[in-house]
Amino acid sequence: MGNQDQSKQKPENPDHGKQKPENPDHGKQKQRNPDHGKLKPGKQDQRAHWHDYKSPGRYMITLLKGNSPEQFSTIDCERQIKEWERGVFSTNWTRTGKVIADNLYNIRNLNPYLTTEQYVIMPDHVHFILAVNHYLDDVLGNYIARFKAAVNNIMGMTGIFDSGFNDQIVTPQRNLNDLYQYIRSNPYRYAVRRLHPEFFRKQRNILISGKEMQAYGNLFLLRNPFKISLVVHRADNDDVFNRKREECLYTAANGGVVVSAFISPREKEIRREVEAMNGKIILIHNRIFKDREKPERHNFNLCTEGRLLLLCPMAYQSFPSSEHPSRRQCLEMNSVAEALASETTA
């Protein structure tokens with residue numbers, strides 16, 4: 001039967017021999033899509049497309065653990081470590097962690113213009129400050145890929161690291177000591193998360209940017225050195241809005257924090273995108289929580305996940321709470337967001 005089927009004659013195409021109608025657009029120059037190259041809604045773009053990744057500068061690089069069975073390190077700490085206070089801890093590298101450390105130390109083998117300035121090897125990720133001291137002959141991402149491949153080769157397996165990497169561009173205005181301290185304090189933050197999960201669902205009154213604030217959620221977000229404020233003005237055209245959106249999504253995708261009151265519909269749109277990529281947010285709002293009162297479910301869940309910090313100026317306790325802040329409050333909250341994004345709490 002198989003041979004008989006193969007010998008069957010194909011039916012004749014009724015259009016065979018007919019002249020195809022001429023394409024009316026043939027020969028015309030294609031118009032350029034005005035949205036070409038723009039970040040599409042919901043797309044997680046981890047690279048800053050406006051930046052030259054061959055140029056000299058500094059980057060904070062984060063590599064996440066892949067599916068390899070061994071962790072990179074273990075963390076030992078005092079069981080008595082208190083919330084928001086320094087404790088005693090130590091990072092103990094596994095064999096994988098030692099191989100990673102050796103390759104970070106010898107990263108010049110990939111390119112003599114690369115230098116590792118500071119690093120920490122955590123159980124499931126690695127942070128390091130990478131200095132590029134001369135214009136490179138290849139983009140940074142390819143050197144990171146070679147670094148990961150070198151570790152895989154020494155370990156004799158693949159999947160040591162997760163795919164891709166996170167980067168934050170360290171601008172000349174950044175205080176390097178703040179970055180170094182942020183990296184060195186990773187084990188401490190890890191210990192608090194493990195020993196005190198309730199830390200992320202308590203309200204406190206603290207002084208921030210010269211203002212007394214009521215805080216609820218992950219206070220460690222204040223210590224993140226890569227914060228960006230988001231304020232969308234009515235006068236912002238599409239180009240300005242898209243640039244702000246791209247910078248916020250880049251920051252969020254690479255472990256930074258977006259700080260905003262998220263008042264306008266366009267600001268709320270960006271917040272939804274940041275949350276969709278598991279980004280971190282500091283939300284400036286105008287409602288003082290009463291004793292034992294909690295945020296609504298969505299915000300509460302983000303707080304317990306460590307992805308949200310709610311801040312409200314204590315001065316607002318004399319005003320009736322409202323979902324629609326006054327114009328004066330909007331301006332004040334935007335000012336707080338901009339001030340927070342420009343400083344780092346060590």
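None of the values given here were measured: they were computed from a predicted structure.
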(request) Scan Asp239, Asp238, Asp236 and name whichever one has a salt bridge (Lys or Arg N to Asp or Glu O under 4.0 Å) with Lys244. (result) Asp236

Which distance, rounded to the nearest 0.5 Å, do you find between the [atom1] of [X] and the [atom2] of [Y]?
X: Ile206; Y: Leu311; atom1: CD1; atom2: CG; result: 6.5 Å
X: Ile183; Y: Met60; atom1: CD1; atom2: CE; result: 5.5 Å
X: Ile282; Y: Ile208; atom1: CD1; atom2: CD1; result: 7.5 Å
X: Lys65; Y: Ile121; atom1: NZ; atom2: CD1; result: 14.0 Å
X: Thr74; Y: Met122; atom1: OG1; atom2: CE; result: 10.5 Å
X: Glu267; Y: Cys248; atom1: CD; atom2: SG; result: 9.5 Å

Less than 4.5 Å apart, side chain to side chain, heavy atoms only: is that true for [X] and [Y]?
X: Phe165; Y: Asn254; answer: no
X: Asp178; Y: Arg174; answer: no
X: Lys148; Y: Leu63; answer: yes
X: Met213; Y: Asn205; answer: no
X: Ile169; Y: Tyr53; answer: yes
X: Asn103; Y: Lys98; answer: no
X: Val120; Y: Pro187; answer: yes
X: Pro123; Y: Ile75; answer: yes

Is it the case that one hydrophobic cluster holds both [X] and [Y], taking links as side-chain heavy atoms less than 4.5 Å apart, direct or via other members?
X: Met157; Y: Val99; answer: yes
X: Ile100; Y: Leu114; answer: yes
X: Leu64; Y: Val126; answer: no
X: Leu331; Y: Val232; answer: no
X: Leu249; Y: Val231; answer: no

Quick check: closest heavy atoms across [X] and [Y], and the distance to 0.1 Å?
X: Gln168; Y: Tyr250; answer: CA-OH, 3.5 Å
X: Ala337; Y: Ser229; answer: O-CB, 3.6 Å
X: Asn286; Y: Gln329; answer: ND2-OE1, 3.3 Å
X: Cys312; Y: Ile288; answer: SG-CD1, 3.6 Å
X: Ile154; Y: Arg95; answer: O-NH2, 4.0 Å
X: Ser55; Y: Asp52; answer: OG-O, 2.7 Å

Side-chain donor-acceptor pair under 3.5 Å between [X] and [Y], yes or no?
X: Tyr119; Y: Asn186; result: no
X: Gln173; Y: Thr171; result: yes
X: Tyr316; Y: Gln214; result: no
X: Tyr59; Y: His51; result: yes
X: Arg108; Y: Thr115; result: yes
X: Thr96; Y: Glu70; result: yes

(message) Using a 6.0 Å cut-off, check whether atom OH of Tyr113 has over 12 heavy atoms from anything other than its own residue.
(response) no

Parallel, tilted or perpendicular: which one describes the rings of [X] and [Y], with boundaries at 30° and 60°?
X: His127; Y: Tyr182; value: tilted
X: Phe289; Y: His285; value: tilted
X: Phe128; Y: Phe147; value: tilted

(request) Go through the steps for Ile107 and Tyr143 under the test side chain to side chain contact (heavy atoms under 4.5 Å, CB included), then give the verdict. (result) CA-CA 9 Å; Ile107 203 164; Tyr143 288 107; over 6 Å; no

Within the side chain of [X], is there an N or O that forms a donor-acceptor pair under 3.5 Å with the backbone of [Y]?
X: Asn152; Y: Thr158; answer: no
X: Asn237; Y: Val240; answer: yes
X: Thr94; Y: Gln71; answer: yes
X: Thr116; Y: Leu130; answer: no
X: Glu293; Y: Lys290; answer: yes
X: Ser185; Y: Tyr188; answer: no
X: Ser260; Y: Leu230; answer: yes

(request) Report the C-alpha separation of Asn224 and Leu221 in whole Å, then their side-chain angles, then the decisive distance to 0.1 Å, and conclude whether the side chain to side chain contact (heavy atoms under 4.5 Å, CB included) test is met. (result) CA-CA 5 Å; Asn224 192 305; Leu221 297 184; 5.5 Å; no

Is it possible for you to check whether [X] lies under 6.0 Å from the centre of the six-membered ring of [Y], through NZ or CZ, and within 45° of that ring's axis?
X: Arg193; Y: Tyr190; result: no
X: Arg272; Y: Phe262; result: no
X: Arg204; Y: Tyr216; result: no

(message) Test side chain to side chain contact (heavy atoms under 4.5 Å, CB included) on Leu309 and Leu222; report intermediate values, then the result.
(response) CA-CA 9 Å; Leu309 174 63; Leu222 293 171; 3.7 Å; yes

(message) Which residue in the set Leu136, Leu140, Asn133 passes side chain to side chain contact (heavy atoms under 4.5 Å, CB included) when paired with Asn111?
(response) Leu136

(request) Output, in order, the C-alpha distance, side-chain angles, deciding distance and verdict of side chain to side chain contact (heavy atoms under 4.5 Å, CB included) for Gln118 and Arg184. (result) CA-CA 8 Å; Gln118 181 73 259; Arg184 287 193 295 265; 3.2 Å; yes

Which donor-acceptor pairs under 3.5 Å do side chains of residues 298-305 form with protein atoms, sequence neighbours excluded?
{"from": "His298", "atom 1": "NE2", "to": "Glu275", "atom 2": "OE1", "distance (Å)": "2.8"}
{"from": "His298", "atom 1": "NE2", "to": "Glu275", "atom 2": "OE2", "distance (Å)": "3.4"}
{"from": "Asn299", "atom 1": "OD1", "to": "Arg271", "atom 2": "NH2", "distance (Å)": "2.6"}
{"from": "Asn299", "atom 1": "ND2", "to": "Glu296", "atom 2": "OE2", "distance (Å)": "3.2"}
{"from": "Asn301", "atom 1": "ND2", "to": "Arg297", "atom 2": "O", "distance (Å)": "3.4"}
{"from": "Thr304", "atom 1": "OG1", "to": "Asn301", "atom 2": "O", "distance (Å)": "2.8"}
{"from": "Glu305", "atom 1": "OE1", "to": "Arg307", "atom 2": "NH1", "distance (Å)": "2.9"}

(message) If the threshold is 4.0 Å, N to carboxylate O, is there a salt bridge linking Asp137 and Lys54?
(response) no

